[in-house]
Amino acid sequence: MKEIGHWIDGKLVAGTSGRFADVFNPATGEVQARVALASKAELDAAVASAAKAQVAWGATNPQKRARVMMELVRLINRDMDKLAEALSSEHGKTFPDAKGDVQRGLEVIEFCVGAPHLLKGEFTDGAGPGIDMYSMRQPLGVAAGITPFNFPAMIPLWKMGPALSCGNAFILKPSERDPSVPLMLAALCKEAGLPDGVLQVINGDKESVDAILDNEVIQAIGFVGSTPIAHYIYSRGCAAGKRVQCFGGAKNHMIIMPDADMDQAADALVGAGYGAAGERCMAISVAVPVGEGTAEALRERLVPKIEKLKVGPWTGGNDVDFGPVVTKAAKENILRLVESGVAQGAELVVDGRDFSLQGYENGFFVGAHLFDHVTTDMDIYKTEIFGPVLSMVRAKTYDEAIGYAMDHEYGNGTAIFTRDGDTARDFAARINVGMVGINVPIPVPLAYHTFGGWKKSGFGDLNQHGPDAFKFYTRTKTVTARWPSGIKEGAAFNFKAMD
Ligand code: NAD
């Protein structure tokens, strides 16, 4: 059985804890490898070594660090197919979607090439007589990232790129479900010129996450995953005095106004609801048509499109729309929630419960589901399903529709489909959700903007990537300097009034 270890001090090393987790091929259900789960001692040793390596890296000028990112861009492009293959085989998503996963991470590395500009600081010439004042952005030291299974390339790159560009050492604890791509990225960082020890990839579960929380050298933690774990890490990390940002789960609503282009809205919903088998924090899981006529027109267009979706393994050709979900447990959880929807009175319009794929009977495939007449008290509405299940909640008015999105505990992404600019502007202004699409179903901001949800979808005050990441991974030091004659005036006992 293939064994996956850690990346420590510039090389792959085997785990020493004696604990392992299975890594599946979600298409066949077979265990294809086992990944080492680090102990606290292994994590602490990797952090100590990273802290030593950080000293020289932090003192390297920002442009030289940026050149490592520039080379990393070239290497990721060179190995795009290899990375996407490894990604699909452990995650299950289609090959083009796996390339998209790598691509959206790569774009943040491209943005990091401009790090010297973002790290310039601020300067006031002549803040007082003979006085200059300047602020520097300095690295934190050692930072850590804990990432989810659903974007095993993109999210590690979102974390490591800015953290490293700012001069930090970085400890990445990726998801134990699909650990290979983060290790491949670490090897590419070395090839790009990153000194050994500056990036450590430690595979593991709760034990290594708790070791990160307890480690006093680690100054900051960036987490992405489910909301209960996000809240746990945010609370414990903040209590330990660390800088913490945690991004959690989602239930993204798409509002369809009566004036929307219904064909466009239906296409958008199918892609955003079922792409990647719904395993996206920006997936649309709730469609809210406004008015009975809109609901009927939308449903009429949606059903045949959903029934035509091709579910299959990533090796099944370019016309596969989505693959299996990540584990058997994930599949069971989705099907349990579908049963609850039926039991609680929602209308199951497209029923994917009996889906099975010839030759892949043990794979973790789930067919597409569509529920209509869903109400806000149902578990399928309240819970993040993270599977190919779309719920339709009918609203009588725009205000009722926006109210559903506003009242939901999650606030990651949302969208409105309309031809009316006034409605779109009102929606963007009032909605209490972090990322908003107007006739765009999955409004993931590009690398030079920031990504983050509101309410229970995000804990902490800075977003991921874009300028916020450079604030998160640095701290400000402000220097007040007086040259050369101020002290000749003698001691000053009071703060000076402004002349
Ligand atoms: P998860 O919370 O199970 O795991 C995320 C990370 O936390 C993994 O590295 C895992 O090893 C670790 N972890 C799991 N259980 C833990 C525990 N008890 N104690 C400490 N650490 C633990 O999430 P997942 O299933 O890997 O990913 C899916 C979730 O991530 C969904 O809820 C999805 O919405 C969310 N997500 C959010 C965003 C965002 O930006 N808001 C992006 C992608 C995914």
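One-based numbering, in listed order, for ligands and for the atoms of each. Fair warning: this is a prediction, and the values are worked out from it, not measured in the lab.
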Indicate, as side chain, backbone, both or neither, the part of [X] found under 4.0 angstrom from ligand 1 when only non-hydrogen atoms are considered.
X: Arg177; result: neither
X: Ile233; result: neither
X: Pro228; result: neither
X: Phe386; result: side chain
X: Ile155; result: side chain
X: Asn150; result: side chain
X: Glu279; result: neither
X: Gln464; result: side chain

Apply side chain to side chain donor-acceptor pair (under 3.5 Å) to Ser180 and Glu90, showing your working.
CA-CA 8 Å; Ser180 289; Glu90 289 181 355; 2.5 Å; yes

Considering only non-hydrogen protein atoms, determine which one is nearest to [atom] and report residue, atom name and distance to 0.1 Å.
atom: atom 40 (O) of ligand 1; result: Phe451 CE2, 3.1 Å
atom: atom 23 (O) of ligand 1; result: Ser226 N, 3.5 Å
atom: atom 24 (P) of ligand 1; result: Phe149 CD2, 3.6 Å
atom: atom 21 (N) of ligand 1; result: Val209 CG2, 3.4 Å
atom: atom 16 (C) of ligand 1; result: Ile229 CD1, 3.6 Å
atom: atom 7 (O) of ligand 1; result: Phe223 CE1, 3.4 Å
atom: atom 34 (O) of ligand 1; result: Glu384 OE2, 2.6 Å
atom: atom 19 (N) of ligand 1; result: Lys206 CG, 3.4 Å

So that I know where these two stand, are Phe355 and His369 an aromatic pair - ring centroids less than 6.0 Å apart?
no

Quick check, are the ring centers of His91 and Phe149 under 6.0 angstrom apart?
yes

Could an N or O of ligand 1 be found under 3.5 Å from any N or O of Glu176, whether backbone or side chain?
yes

Heteroatom distance test (Thr227, ligand 1): nitrogen or oxygen, under 3.5 angstrom:
no

Would you mind listing which atoms of ligand 1 come within a distance below 4.0 Å of any non-hydrogen atom of [X]?
X: Phe247; value: 39 (C), 40 (O), 41 (N)
X: Val224; value: 5 (C), 36 (N), 37 (C), 38 (C), 39 (C), 40 (O), 42 (C), 43 (C), 44 (C)
X: Cys281; value: 34 (O), 36 (N), 37 (C), 38 (C), 39 (C), 40 (O), 42 (C), 43 (C), 44 (C)
X: Lys173; value: 8 (C), 9 (O), 10 (C), 11 (O)
X: Ile146; value: 6 (C), 7 (O), 9 (O)

For Glu332, is there an ion pair with Arg336 - N to carboxylate O distance below 4.0 angstrom?
no

Under a 4.5 Å cut-off applied to non-hydrogen side-chain atoms, are Ser208 and Lys40 in contact?
no

Is any side-chain heavy atom of Leu119 closer than 4.5 Å to a side-chain heavy atom of Cys166?
yes

Distance-only donor-acceptor check, side chains [X] and [Y], under 3.5 Å:
X: Asn362; Y: Glu30; answer: no
X: Asn432; Y: Lys455; answer: yes
X: Thr450; Y: Gln464; answer: no
X: Ser49; Y: Asp9; answer: yes
X: Asp210; Y: Tyr232; answer: yes

Selection from Gly248, Gly453, Pro179, Ala283 by shortest heavy-atom distance to atom 41 (N) of ligand 1:
Gly248

Using heavy-atom distances, let me know which of Gly204, Gly225, Pro148 sits nearest atom 35 (C) of ligand 1.
Gly225

Compute the minimum heavy-atom distance from Gly452 to ligand 1 and say whether it is under 4.0 Å.
no

Would you check whether Phe151 reaches within less than 4.0 Å of ligand 1, judged by its heavy atoms?
no

Tell me whether Lys305 at atom NZ has more than 12 heavy atoms from other residues, nucleotides or ligands lying less than 6.0 Å away.
yes

Does the structure place the NZ or CZ of Lys93 under 6.0 Å from the centre of the six-membered ring of Phe151, at an angle of no more than 45° from the ring's axis?
yes

Over 60° means perpendicular and under 30° means parallel, so classify the ring planes of Tyr274 and Phe322, tilted if in between.
parallel

Parallel, tilted or perpendicular: ring planes of His231 versus Phe459, cut at 30 and 60 degrees:
tilted

Single hit among Phe451, Phe472, Phe247 for ring-ring contact (aromatic ring centres under 6.0 Å, His included) with Trp158:
Phe451

Atom 26 (O) of ligand 1: any protein heavy atom closer than 4.0 Å
yes

